[in-house]
Amino acid sequence: MDRHGRRVEHPLFTAPDPARLADLHRAMVIGRRFNQQAGTLARQGRLAVYPSSTGQEAAQVGGVLALSEQDWLFPSYRDSVALITRGVDPAQVLTLFRGDWHSGYDPRRHRCAPQCTPLATNASHAVGLTYAARRKGHDVAALALMGDGATSEGDAHEAYNFAAVWNTPVVFLVQNNHWAISVPLRRQTAAPTLAHKAIGYGMRGYHVDGNDAAAVHAVVSRALAEARAGGGPAIVEAVTYRVDPHTNSDAPQRYRDESEVAYWVERDPLLRTEALLRAEGVLGDAEETDRVLASFGADAERVAALVRERMAGEDAPDPDSLFTDVYSTVPPLLDRQRRELAAELREV
Amino acid sequence: MDRHGRRVEHPLFTAPDPARLADLHRAMVIGRRFNQQAGTLARQGRLAVYPSSTGQEAAQVGGVLALSEQDWLFPSYRDSVALITRGVDPAQVLTLFRGDWHSGYDPRRHRCAPQCTPLATNASHAVGLTYAARRKGHDVAALALMGDGATSEGDAHEAYNFAAVWNTPVVFLVQNNHWAISVPLRRQTAAPTLAHKAIGYGMRGYHVDGNDAAAVHAVVSRALAEARAGGGPAIVEAVTYRVDPHTNSDAPQRYRDESEVAYWVERDPLLRTEALLRAEGVLGDAEETDRVLASFGADAERVAALVRERMAGEDAPDPDSLFTDVYSTVPPLLDRQRRELAAELREV
Amino acid sequence: MTRAPGGDAPAEVSMGAALNRALRDAVAGDPDVVVYGEDVGPLGGVFRVTDGLHGEFGDERVFDSPLAESGIVGTAIGMAMYGLRPVVEMQFDAFAYPAFEQVVSHLAKTRNRTRGAVPLPVVVRVPYGGGIGGVEHHSDSSEAYYTHTPGLRVVTPGTPADAYSMLREAIACDDPVVFLEPKRRYWSKEAVELPVRTEPMDRPVVRRQGTDVTLVAYGPMVETALEAAGAAAGEGRSIEVVDLRQLAPLDDSVLVESVCRTGRAVVVHEASVFGGYGAEVAARVTERCFHYLEAPVLRVGGLDVPYPPPRLEGYHLPDAERILAAVDRLQWESEWVEGGPG
Amino acid sequence: MTRAPGGDAPAEVSMGAALNRALRDAVAGDPDVVVYGEDVGPLGGVFRVTDGLHGEFGDERVFDSPLAESGIVGTAIGMAMYGLRPVVEMQFDAFAYPAFEQVVSHLAKTRNRTRGAVPLPVVVRVPYGGGIGGVEHHSDSSEAYYTHTPGLRVVTPGTPADAYSMLREAIACDDPVVFLEPKRRYWSKEAVELPVRTEPMDRPVVRRQGTDVTLVAYGPMVETALEAAGAAAGEGRSIEVVDLRQLAPLDDSVLVESVCRTGRAVVVHEASVFGGYGAEVAARVTERCFHYLEAPVLRVGGLDVPYPPPRLEGYHLPDAERILAAVDRLQWESEWVEGGPG
Ligand SMILES: Cc1ncc(C[n+]2csc(CCOP(=O)(O)OP(=O)(O)O)c2C)c(N)n1
Ligand SMILES: Cc1ncc(C[n+]2csc(CCOP(=O)(O)OP(=O)(O)O)c2C)c(N)n1
Ligand SMILES: [Mg+2]
Ligand SMILES: [Mg+2]
């Protein structure tokens, strides 16, 4: 797609079929609404913090929908939209940010690793996991998500290198949203693009318009297919933009210009897929299209309502849960602390 | 030079002048002899350990002689030859390996950082140092040495990246000696060459025959000149070979073939410069050449003798030195331990 | 402590503001001081501790670096080798771990390695501890890792005045300093005129005098300890509060004097108790005051679990009540018997 | 301990050989066990602990990885998430520091983070401690860093039989285990028939019974403690030696029982005393045995300095003499007074 949502073909990559285009758009609509809702909850103090990915929905949705059922996703803290697109209960996605528990979902159930806060550390987990799956004879690829800033960490380098040397099917999807909190990309790297980093590991690097869900989907799909076929891992740099502040406690006016934000808002990924869907009549005629788009909006509202409801409850997490999963069994000294805390709580 | 020591010109790089060629050869002759002598001392138990760089003299000497007086060298444990070429007292170079103290020389005096054991960690020191020098208005470049294996560490990545973003004049000279202890290069990276890594940082990468002292010198000189001129840091990969075991306690027969060693011994860097010096009459006519080469040999023997002598002594380091340089002053609790040890030693 | 000139009551200053002022004065006072790290430039740091510095001193003195903690500490080491005095920030406690090798194997050891030829005047600022509702990895108390590493000075202020004075002293110090900032106290205020020079940082300070029991605290727990002491006073128990300030190397004289006088001690910190810094205090004080002790030195600290999520951190963190409960267990009845086998 | 069948005296086995055999049996016994790290393949590790495994089991089960410790631990975490049981080697103690973030922020916490859904059965083998004449960074005792990190099991064997049995148990364990191998004891021998199953690793063991004083040791110092106890016996002093084995989480019952019985204790380790693991032992034992103690629990450990160069390490490391000197300071005369202020 060009920036107005007009189709552009590429000899190497296959554009998503119409049904997939609709899925991409729907997931973005839901993701956008989710970002807004979570942002509101954070401002209301119902979440401890929320890192919004408004503006980055195409990159997350495009990447995740390229995964097969058995594949794994390794998200960072900013990848809520990726998680709900993968099918994780939206309220469970927010457990971390609400502060009820560190990870709200069972990673094995959805084949989604816990949201990762220490930057770039999830990337080597993805490498190890796919290595293990291959050892067990399973056809499992992984999508490891990281930001532009995270590529500066040593852990990113080590993960890229292990993946390339072991030839494990991992696609490292770098959402280059131009900022690492307040630090712009040019302070992060002097490379022409982040995709160029792939060369130094002997793997493929793709540079893609990260606000074009179809393009991200096409590129990640191809990279995953190559990786599965033994062609090695890849870095996909999706160029996008973080429209909201880093989190609700950020102060972006200190470091960036509103005009920059405006530039990117014009290139909103949702507007672009919508334009394409309408122009190409993917969802049917104009009327049918309106109807389907309205249903997407309704789905998004349902998700938002569910999230509001689930976050409204005051049910506090059980303090006893502090002790149960530190080790496979509760060791004696910890059990003593557990009993002490229970006694303390009985007193009050 | 080709592998027989015949001159090959390159449009980009300037070959060392005759005097420099002689210097290079002399330093290698001394370096080789030093490696042998230290190896012998290690086998005799006079050194705790010695990591020989036999076969890699060209890379070290070629790199170090490209430095200016005010520049800094950041050596690893394998870079004894680089250090003595830089002018550090050979016996002080061995202090670490003899076990008398961690660093035997004063780094500021020779502008040589202490020999670095934790892999790749010295590289960011070089970046910081050159940054500081620039801040102070000094024209100081640095040569950071590391092995092929060390390039896999996160610290290498972070240092490359900081250097490129800050545009500090550091040349990272990677001695690709094909092995990281027992691990061959193909298990370390899938990249076409280690020099390709430079691309991902937006810096220049050079791939040079590391057994050709003249070529290493020419390439490092150029890279340093560019870096000084604000052209940014560079990675220079010098392809060479570790002819000896990793250290005296290694067992290379477990992981590599003698034929591989033989292949590289044929490409001995000393034979090649000697051939060039003779063929081109750099040192004068045949007789003069013999005389000069003999004097190099004599210089090397003097160094070996000095090392033997200095390592023969039984003077043990003073235990009180354990306490004096942990902090700028000896803190009270440490002073208590110091007095306790002194009392203990008086008793026996 | 310096009083305001002219008799005016000094203004209330938060710990964050005091640290900010200390950095400003240090950068202004010495051209070799540079401040860098993640987001310390235009943003002023995620806690705004470097607020305004980039604007005032420019990018040469205060700047954002690439996002890589090992690289940050590694480059600081290199800068210090060449005579700068870098002050670097680790954004949160757990995000200092990537730099652990540089801190332990180089920062702590280079002076020693070079027999004093290469001192490393580097300050590594680490906002540490919990109590701010931070998600995972944003609330660790990592002092035990650093205090067990010879060659590092590990200091942590408990008051705004100390925050200012100790940070200035840390920057002026020729040893590497891990400067632990109790992030939950960034907003705690004290009436103080800056600049101020408090006691030298390597001296523990008695924050409140008492006769019955010594409460040993540092960083975020100083305020909590004082709160406990205040409450105890209401009930007729006189608690002395010692603020350690420099955790390593420790000067134990004030501590030992106090405990030998009171005969009872509790040490408190946020970090997990097991293998925590409190173990060192308890072991050391016991060794030196054994015959003066009426009861074992008790430790109050975090549970031996990974730092909990925000809504559970209240169960983890020591508060005045827990401290007082420990004080109550200090065998005030002469027939007390506790512990022992079984 | 299992006896050899048929009554033959069992063969002498070194600790290194016992570890090697444990790895071999674990790899042979469970297809999910993989062994990897730096130089563990054809070379068999720099200490030859993985000797022969690559040849026997092939590159799928035992292999060399790229040279990057954080990547090694990180990939092991990923493998364990998918059901493998990786056993990774950090070549030397100080070279585990680059992996510190992966160990502390992920390996230790993932089970907890996921409410038990994702246990991580990873063993991180770390040859640790000094006494082998290693240069800088090759002799650190890093147990205090790991034992203060909830979620990790930290174990260290003191004998070849334990080395075998505990490593098997560690590999079978569903928790992440930092397996600290006392590298100077790789060559220490014991007559034992392998395979052997000793006490469960989480139980401290009394290695030698005694009545007068309890010596608490682990890893490399078990042998040294026994040596001291032997020498003391000659002089009529009966020393009990407790080998802790699993340092964290600690089961303190054996310890407390012993010290309450003997009334005196010394804890010994190679690591620097300040903030070392011995502080935890001393503080805990004192808390639980206070009224049984005749003297403060003393600590014998390394000096509070960076690990010295080979020719000075003898001054740093505890030996039997230093242990006995500490035992002598345990206030055997009733009029003893030491310590206190001043
Ligand atoms: C190891 C580590 N260091 C520092 C941080 C603090 N931190 C959280 S997000 C962030 C910026 C990350 O930028 P980027 O990778 O571009 O991702 P984005 O937030 O833009 O999605 C920083 C510095 C962290 N989480 N982990
Ligand atoms: C951080 C770290 N990990 C592991 C080691 C142990 N070690 C010492 S040398 C070496 C191999 C290094 O290979 P390379 O970088 O190619 O240098 P070379 O020895 O070949 O000169 C290893 C693994 C170390 N010194 N530091
Ligand atoms: Mg970003
Ligand atoms: Mg090598």
Side-chain angles (χ1 to χ4, degrees), chain A residues 72 74 96 101-109 113-118 120-136 138 140 142 144 153-155 157-166 168 170 321-336, chain D residues 31-32 34 36 60-61 63-86 88 98-99 101-102 104-106 108-122 150-153 173-176 202 246 248-253 284:
Chain A
W72 273 71
F74 287 80
L96 170 70
W101 197 256
H102 308 297
S103 173
Y105 50 89
D106 176 349
R108 296 193 193 239
R109 174 138 176 253
Q115 290 133 303
C116 187
T117 303
T121 52
N122 57 342
S124 57
H125 305 168
V127 178
L129 184 132
T130 47
Y131 179 94
R134 184 172 62 202
R135 261 289 314 283
K136 288 173 180 278
H138 303 168
V140 173
E153 290 280 5
D155 271 67
H157 166 75
E158 298 189 11
Y160 299 158
N161 193 43
F162 272 72
V165 172
W166 289 355
T168 56
V170 179
S321 66
L322 288 168
F323 303 98
T324 44
D325 299 304
V326 184
Y327 297 95
S328 45
T329 53
V330 182
L333 295 186
L334 193 55
D335 197 52
R336 209 177 291 167
Chain D
D32 287 335
V34 291
Y36 68 101
E60 288 289 292
R61 306 293 304 283
F63 51 96
D64 291 327
S65 72
L67 208 174
E69 294 76 10
S70 190
I72 291 171
V73 175
T75 51
I77 289 169
M79 290 184 199
M81 289 177 75
Y82 205 83
L84 293 189
R85 307 187 87 85
V88 297
E101 180 185 33
Q102 287 286 359
V104 172
S105 292
H106 288 299
K109 294 185 170 65
T110 298
R111 168 190 287 276
N112 187 249
R113 172 178 301 141
T114 61
R115 294 187 189 276
V118 183
L120 293 181
V122 174
L152 298 178
R153 278 184 202 275
C173 178
D174 277 342
D175 297 319
D202 60 2
Q246 178 170 296
L250 177 68
D251 178 345
D252 63 2
S253 54
R284 185 162 297 274

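The figures that follow rest on heavy atoms only: side chains count, while hydrogens, waters and symmetry mates do not. Here is the naming used below: chain letters follow the sequence lines, and residue numbers restart at 1 for every chain.
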> Between A/T121 and chain D, which part of the residue has a heavy atom less than 4.5 Å away: side chain, backbone, both or neither?
Replying inline: both

> Does some side-chain heavy atom of A/R135 sit less than 4.5 Å from a side-chain heavy atom of D/R61?
Replying inline: yes

> Nearest heavy-atom pair of A/V140 and D/Y82: which atoms, and what distance?
Replying inline: CG2-OH, 3.5 Å

> Any side-chain heavy atom of A/E158 within less than 4.5 Å of one from D/T75?
Replying inline: no

> What part of A/A163 lies closer than 4.5 angstrom to a heavy atom of chain D: side chain, backbone, both or neither?
Replying inline: neither

>> Quick check on side chain to side chain contact (heavy atoms under 4.5 Å, CB included): which of A/Y327, A/W101, A/F323 does D/N112 satisfy it with?
In response: A/W101

> Is the distance between the ring centroids of A/F162 and D/Y36 under 6.0 Å?
Replying inline: no

> Where on A/R336 is there a heavy atom nearer than 4.5 Å to chain D: the side chain, the backbone, both, or neither?
Replying inline: side chain

> Of the backbone (N, CA, C, O) and the side chain (C-beta and beyond), which part of A/H157 lies under 4.5 Å from a heavy atom of chain D, both, or neither?
Replying inline: neither

>> Do A/P331 and D/R153 make a side-chain contact, defined as non-hydrogen atoms from C-beta onward lying under 4.5 Å apart?
In response: no

>> Please classify the contact of A/A159 with chain D as side chain, backbone, both or neither, using a heavy-atom distance under 4.5 Å.
In response: neither

> Would you call D/D32-A/K136 a salt bridge at under 4.0 Å N-O?
Replying inline: yes

>> Looking only at heavy atoms and a cut-off of under 4.5 Å, which of D/R111, D/M81, D/E101, D/K109 has the most pairs with chain A?
In response: D/R111

> chain D heavy atoms under 4.5 Å from A/L322: which part of the residue, side chain, backbone, both or neither?
Replying inline: backbone

>> Less than 4.5 Å to any heavy atom of chain D: does that hold for the side chain of A/P332, its backbone, both, or neither?
In response: side chain

